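Just so we're clear, the structure is a prediction, and the values are computed from it rather than from any experiment.
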Amino acid sequence: MAALGRASSSAPVLAAAAAAAVLLSLCLAALSEEQEQLENLRFVRHAQDAPLVSSYNYIVIGGGTAGCPLAATLSEHSRVLLLERGGLPYANMSSEQHFTDALADTSPASPAQRFISEDGVVNARARVLGGGSCLNAGFYTRASNEYVRAAGWDARLVNSSYRWVERSLVFRPDVPPWQAALRDALLEVGVTPDNGFTFDHVTGTKIGGTIFDNSGQRHTAADFLRHARPRGLTVLLYATVSRILFKSQDGVPYPVAYGVVFSDPLGVQHRVYLRDGDKNEVIVSAGTLGSPQLLMLSGVGPQAHLEAHGIEVIVDQPMVGQGVADNPMNSVFIPSPVPVELSLVQVVGITRSGSFIEGVSGSEFGMPVSDGALRWARSFGMLSPQTGQLGTLPPKQRTPEALQRAAEAMMRLDRRAFRGGFILEKILGPVSSGHVELRTTDPRANPSVTFNYFREAEDLERCVHGIETIERVIQSRAFSNFTYANASVESIFTDSANFPVNLLPRHVNDSRSPEQYCMDTVMTIWHYHGGCHVGAVVDDDYRVFGVQGLRVIDSSTFKYSPGTNPQATVMMLGRYMGVKIQSERWKK
C-alpha cells in the first residue's frame, strides 16, 4: 500500500464511524454462572464489613488477572487477605446506568476506569474482581519458549502452571465463518504454516483458546477463587489501598513492610498487619498502572518526584514507573455485504516481521432500535458503538443526554453500516516505552501515563508490515465473501482513518502513507506493561529492591508483552509464584 486513496463515498465513512468506535474499548460480555455465584462464597466480603485492624500471613493488593490465582494458591496453606478496589463483575453492561458509570468514570461500581494517556490515546483500567479478564476479548495463548527462557522461569513449573489455568477456565472456540475466512486469508497471503488449534506461540496462523465457554459465557480470573481454601482466604471488595507500611527492624539493613492501610467506600481507614514471621509478605498485584503508583504513594520511587508530592521517601528508587509500554494497535473496519456473526479474537496470524494479525466481528455491533423507547438490538457493553461515540469526549461531557444523541444519530444510519468486522494488528514488543507518574496523592485517581507510541523506528516498521499484511488479506480470495466487490482497499483504509479513534491531531490528506496511517490511527489493545521491571525494581523472585517483605507480581514486571495476548501468562505468573512462595515458606 504505497498510499491510501480518496474515500469513494460517504456511506462507507459512516460505516467506519459507527463501527470503528467499537475498538475504543473491549467487551464486557455476560459472565459465567460460576462467576455470579462468587457473591455466595463466604470469604468474599464488602470492605465496610472488615474490622478496623486485622492480621494475615500474606496481604495481596489487587484482585486481578495475577492477584486472583496468586491468592487462591497461597491460601492452600496460609491465611491470605486479597484487597480489590472494585466489586464483583457485572452480569452485563446493558443498562443505561452502567453505560453512564463506565463512560463518566465517577462510580466506584464501574468495572473499568477510563483514562487518556499523555499521548492522546483513550484507554481503560480494570476496576473489578478478576481484573482485565472481565473486560478483554478473551483470547488465550501462551508466551513463546524464548520468552520463558529470557525470563529465567522454571520451564516445568511454567507448563504445570499454564495447565492449572487451562483446566479452570480455557476453552476451544467454535470458529464462525468470518473467523474461518480470516484464517484462510492469512494462510493464503503467506502467514504460514497452519498451526491449527494450539495454545503455543509459534510463527504462522493458528486458532487460540478462549475464556468464553461454548454457551458464550465469560469466565475470568475470579473463577480461580473457587479453588481457594475457604478458611485460608478473605477477599475484600471496594477496598482502596492508600499506602504500604514500613518499619525499621533490628538487624535488618532495609525498611521492612509490615502492613497496609486501606479505605472503604465510606472513607473509613482500616489497617492490616502481617503476622509475626519473616516469611510473611505484602504482595502488590495492582497492575501496570496500580503497582508503580502504590509503590510511589508508599515512599518507594524517584526521590525528587515523591518530594514534589509531599511524600516521605522510604527508598529512592528512580526506576519505579519507568519502562512502561503499550503495544500499539491499528485496525481497519471492513463492511460486509452479508450478515456477520458476533466473534471476538479467535484467530491470530503471527508474522515473521514482528506483527500479529487478529480480528473481531459482530452482528450489527449493537445497532440501536426503537419500539417506542430507545434500546439496543444487542448490547456488547464496552464493545458497543454508543460507548465509542463518546470515547473522545471529556469525562464531564459523557452524560446520558450525550449517550442519547449518539444513539439517535446512529438510528438514522442504514443498518448495513453496522455490518462487518475489524482486522487489527498489534506489534511485537514494543521497543518504545514511557513512564508512569503521580498526578496526585489520591490513590483512587489514575496516574499520568506516557507510552511514547512509535518513538522507535523499529515499532513503526513493524506496524507498516502489519498494515500491508491486512491489505493483502482484504484482497484475498478467501476473504472475498465478506467484502464488497466495488470497495477498493484504499477507500476502506481511508474510511477507517477518518474516524477519530484517539485525540491526536488529524491529518486531512487525500492520501496517506502506511506510516501515517499507523501514527494517525493508533489505539490501545490494553496490553500495557512495565513500570516495575525485573532487574530494575524487583529481583528474579519479584522482591522489591531496597526493602524487605514486599514483592510485585503482575504485568508491571514485564519488559515486553508475552505472546500475542498476555492474559494467559499473567494468570500463569500468579499461580507460578504462588507455588514458589509456598515452597520457600516450608524450607528450613
Side-chain angles (χ1 to χ4, degrees), residues 25-41 43-47 60-73 75 80-93 98 101-102 108-113 124-140 164-171 209-213 216-228 233-240 283 285-291 344 381-383 526-527 553-555 565-575 578:
S25 298
L26 287 172
C27 79
L28 197 160
L31 297 165
S32 68
E33 182 177 346
E34 292 89 345
Q35 191 81 5
E36 294 171 0
Q37 290 173 350
L38 277 171
E39 62 186 353
N40 298 321
L41 297 178
F43 55 75
V44 179
R45 305 171 189 168
H46 198 292
V60 179
I61 303 167
T65 313
C68 284
L70 173 63
T73 301
S75 74
V80 181
L81 175 65
L82 178 60
L83 296 169
E84 168 53 46
R85 71 190 187 120
L88 288 173
Y90 291 140
N92 59 68
M93 283 283 287
H98 287 170
D101 288 346
S110 175
Q113 188 176 14
R125 176 185 177 192
R127 181 170 52 188
V128 60
L129 188 67
S133 66
C134 299
L135 306 171
N136 63 26
F139 193 65
Y140 181 94
W164 182 85
V165 170
E166 288 152 12
R167 286 193 299 269
S168 299
L169 74 156
V170 184
F171 304 86
T210 179
I211 59 175
F212 289 90
D213 64 27
Q217 302 300 303
R218 177 191 289 273
H219 295 251
T220 80
D223 287 18
F224 296 126
L225 300 180
R226 299 182 62 80
H227 302 298
L233 180 62
T234 298
V235 179
L236 295 180
L237 305 174
Y238 303 111
T240 301
I283 304 174
S285 298
T288 295
L289 303 190
S291 291
L344 297 178
M382 294 191 71
L383 182 59
W526 300 272
H527 294 172
I553 300 174
D554 59 23
S555 61
N565 299 66
Q567 73 166 343
T569 303
V570 178
M571 292 175 181
M572 179 281 294
L573 182 63
R575 172 65 177 180

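The minimum heavy-atom distance between Ala221 and Ser133, with the atom names listed, is N-OG, 2.9 Å. The two residues Gly132 and Ala126 make their nearest non-hydrogen contact at N-CB, 3.5 Å. Counting all heavy atoms, side chain and backbone alike, Thr220 lies closest to Cys134 at CG2-SG, 3.8 Å. What you find for Phe43 and Ala228 is that their closest heavy atoms are CZ-CB, 4.4 Å. Contact detail for Gly290 and Arg125: the closest heavy-atom pair is CA-NH2, 3.2 Å. Minimum interatomic distance between Val128 and Gly87 (heavy atoms only, all atoms of both residues): CG2-O, 3.4 Å.
Using a 4.5 Å heavy-atom cutoff, the side chains of Leu237 and Leu88 are in contact. In this structure the side chain of Ile211 reaches within 4.5 angstrom of the side chain of Gln567, judged on heavy atoms. Proximity of Val170 to Thr210: side-chain heavy atoms (C-beta onward) are nowhere separated by under 4.5 Å. Between Phe224 and Met571 the shortest side-chain heavy-atom distance falls below 4.5 Å. Counting heavy atoms from C-beta outward, Leu169 and Tyr140 have side chains that stay 4.5 Å or more apart. Under the 4.5 Å side-chain criterion, counting only non-hydrogen atoms from C-beta, Val235 is not in contact with Arg45. Proximity of Val80 to Leu70: side-chain heavy atoms (C-beta onward) are nowhere separated by under 4.5 Å. The shortest side-chain heavy-atom distance between Asp223 and Ser168 does not fall under the 4.5 Å cut-off.
Of the possible donor and acceptor atoms, none in the side chain of Arg127 sits under 3.5 Å from a partner among the backbone N and O of Glu84.
In terms of the side chain to side chain donor-acceptor pair (under 3.5 Å) criterion, residue partners of Ser291 (sequence neighbours excluded) are, by chain and number, Asp554. His46 is linked by a ring-ring contact (aromatic ring centres under 6.0 Å, His included) to Tyr238, counting only residues two or more places apart in sequence or in another chain. The ring-ring contact (aromatic ring centres under 6.0 Å, His included) test applied to Phe139 returns no partner, not counting sequence neighbours.
When only modelled atom types and interatomic distance are considered, Thr288 and Ser555 share a side-chain donor-acceptor pair under 3.5 Å. Using a 3.5 Å distance cut-off with no hydrogens or angles, the side chains of Thr240 and Arg85 do not pair a donor with an acceptor.
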- Query: Going through the checks in order, is the side chain to side chain contact (heavy atoms under 4.5 Å, CB included) test met by Leu81 and Val60?
  - Reply: CA-CA 6 Å; Leu81 175 65; Val60 179; over 6 Å; no
- Query: Do Trp526 and Asn136 pass the side chain to side chain contact (heavy atoms under 4.5 Å, CB included) test, and can you show the C-alpha distance, the side-chain angles, and the key distance before you say yes or no?
  - Reply: CA-CA 8 Å; Trp526 300 272; Asn136 63 26; over 6 Å; no
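Distance check, rounded to the nearest 0.5 Å: CZ of Arg575 to CH2 of Trp164 gives 5.0 Å. In this structure, Cys68 SG and Leu82 CG are separated by 5.5 Å, a value rounded to the nearest 0.5 Å. Taken to the nearest 0.5 Å, the CG atom of Leu289 stands 9.0 Å off from the CD atom of Gln113.
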